[in-house]
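Notes to accompany the following structure.
Values below: all heavy atoms of this structure, side chains included; hydrogens, waters and symmetry mates excluded. A note on names: the letters A, B, ... follow the listed sequences, proteins ahead of strands, and every chain is numbered from 1.
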Protein chains: 2
Amino acid sequence: MSRVIPVKRNASPATPGPSTGQRILDVAEQLAQTRGFNGFSYADIAEELALTKASLHYHFPSKAHLGSALLQRYHQAFGEALEAIDRESGGAGEKLRRYVGLYDSVLQNNRMCLCGMLAAEFATLPAQMQHELRSFFDANEIWLAAVLEKGRHAGEFAFRGPPKQRARIVVSGLEGAMLVACAYRDGRRFRSAAKQILADIRTGSARANGATAE
Amino acid sequence: MSRVIPVKRNASPATPGPSTGQRILDVAEQLAQTRGFNGFSYADIAEELALTKASLHYHFPSKAHLGSALLQRYHQAFGEALEAIDRESGGAGEKLRRYVGLYDSVLQNNRMCLCGMLAAEFATLPAQMQHELRSFFDANEIWLAAVLEKGRHAGEFAFRGPPKQRARIVVSGLEGAMLVACAYRDGRRFRSAAKQILADIRTGSARANGATAE
DNA sequence: GTCTATAGGTGGATAGAC
DNA sequence: GTCTATCCACCTATAGAC
C-alpha cells in the first residue's frame, strides 16, 4: 500500500518506454534539425544512446532508410498536430496562430524545421527523401490554403491573391525566418517576423487606412 | 590587320584570365550553393579544375580558410551590387525590384543563396564563418531598411512597422522562398513569392480598398 | 605552384559471435 | 538485438620532390 511509486508517466506496471527504434529516431531528428542530415553520423547517435553503430544498422539498414523513417514520422506528427488544430480551434485566425505556434515550439528547442533544413540539402538527399520532402510541403500548403480561404470568406483575413499562393508565401516566410533566426540563435527574431506575416494576412488592403497603421 | 582576334573578353595582349585562387573560389562557391558547405570536398574542386587536392591546400590551407574567403568575396560582390543599384536607380521601388533581381539571378543558376545555405549549416561552421555570415545579413538589413524608409517617406511604399523590422521580413521571405524553390527546382515558385512580397510593401494599408485589390 | 605519396581520422556498412 | 571486429571509401591535411 505504501510502496513508493516509481517515477513513470504511465500507471500500467512495467511501462515499456519508447522502443529503441523510436529513441534512435529521436536522437537522429534532433541532430538533423540542428546540424543537417549530412552533419551527423551513426557514430553520433550511437554515442548518445550508448549503443554501437552496428546496432543502429540493425534498426535502419542504411542512412537513407533512417532519413526516410525520420521524414515519415515527422510528416505524420505534423499532420496530427494540424488535425488537433482543426478539432480544437474555432476561427481561422486562431488556427493560423496555432500553426505559427508549431514552428515557434520547434525553434524554442533550438532546432530548425526538419524540412527546411532538408530543403537546403535537397541536392544531396536520396531520391526517396526528396519526394517525401515535397510531399510534406505540399500537405502544408493544402492545409494552409484551406484555412486562408475560409478565413478570408469569413472576413477574418484580407490578403490579396489566391489562397494557395498566399499559403506558399506564409510557408516560405516562416521557413526563412527560422533559417535566419538560426544564424542568430535568437527566437525573438522569428517571433517578430511571424507576427508581421500574420498581420499582413489580417489587414491586407481591406482594412481602411486608419489609426492602426504604423 | 586581318588577324583573327582570339575569343577573349579583354583587349590587352595575353589576357591573364582568373587566377587559380579565383577559379578555386568559383568552383567552391558553386558547390557550396548547391550542396552546402559540408556537401563538397577538396576532391570535388580538384577534379573540376584538373588539379590535385594538395595544390588546393597551397591556396587555402584549410577548409575553414576556404570558407572564409568564400564568404568575404561573396559579401563584397553583394555589397558592390548594392552600390551599383544605389548609383543607377532612381526610386526606392526600382531599387527594391533590382534587389529582388539579385536573388532571382542566383536561383536562375540553379543555386541557393550562399548565405541562406550556410545559415542552415550554422551550427557546424567554423567560428569565423559564423561571424562573417551574420555580418552579411546585418549589412543586407541595413541597406534594405534604408531603402524601405526612403520609399515610405516618398510615398512609394506603405508597409507598417519600423523599416528595420520590415527589412528582416523581406530578407527572411526571400531566403525562405529560395529554400523551398530549391526543393522543387522551380524558379517560378520563387518569383511568384517575390512578387507578393513586393506587393505587400507597396500597398500595405495605405492604398485605399479599391479596384487594385485582388 | 603543382605534383606524388601518405598520414591519421571518420564515413557508412557488413560478417558473425553471443 | 546487441556486440566485436573489420572493410573500404572518403575526408582534411602535411611532407617533400620537382
Q.
Can you tell me if B:T52 touches the phosphate of C:dC3, counting only side-chain N or O atoms and a distance under 4.0 Å to OP1 or OP2?
A. yes
Q: Grab the NZ-P distance between A:K63 and C:dT10 for me, whole Å please.
A: 16 Å
Q. With under 30° as parallel and over 60° as perpendicular, where do the rings of B:F40 and B:F37 fit, or are they tilted in between?
A. perpendicular
Q. In whole angstroms, how far is the P atom of D:dC8 from the OH atom of A:Y42?
A. 21 Å
Q: Starting at CG of A:L25, measure out to CD of A:Q72 and round the result to the nearest 0.5 Å.
A: 10.0 Å
Q. So, B:H65 versus B:F60, ring centres under 6.0 angstrom or not?
A. no
(Q) How many whole angstroms separate atom NZ of B:K53 from atom C1' of C:dA7? (A) 11 Å
Q: In whole angstrom, give the distance that lies between atom OH of B:Y58 and atom P of D:dC18.
A: 19 Å
Q) Looking for any heavy atom pair under 4.0 Å, which part of the strands does B:F60 touch: base, sugar-phosphate only, or nothing? A) nothing
Q: Can you tell me the distance, in whole Å, between the CG atom of A:L66 and the P atom of C:dG12?
A: 10 Å
Q | Check: A:D44 side chain, A:S41 main-chain N or O, donor-acceptor pair, under 3.5 Å | A | yes
Q: Check the pair B:Y99 / B:D104 against side chain to side chain donor-acceptor pair (under 3.5 Å), numbers first and verdict last.
A: CA-CA 9 Å; B:Y99 177 78; B:D104 194 36; over 6 Å; no
Q. Is the shortest side-chain N/O distance from A:S55 to OP1 or OP2 of D:dG1 below 4.0 Å?
A. no
Q: Look at the side-chain N and O atoms of A:S41 and state whether any lies under 4.0 Å from the OP1 or OP2 oxygen of C:dT10.
A: no
Q) Can a side chain N or O of A:T20 be found less than 4.0 Å away from OP1 or OP2 on D:dT2? A) yes
(Q) Counting only side-chain heavy atoms from C-beta out, which of D:dC3, C:dA13, C:dT2 sits nearest to B:L51? (A) C:dT2
Q | Interatomic distance, B:H57 NE2 vs D:dT12 C1' [rounded to whole Å] | A | 5 Å
Q: Could you tell me the separation between the CD atom of A:E47 and the C1' atom of C:dG11, rounded to a whole number of Å?
A: 15 Å
Q) How close or far is atom P of C:dG11 from atom CZ of A:F40, stated in whole angstroms? A) 11 Å
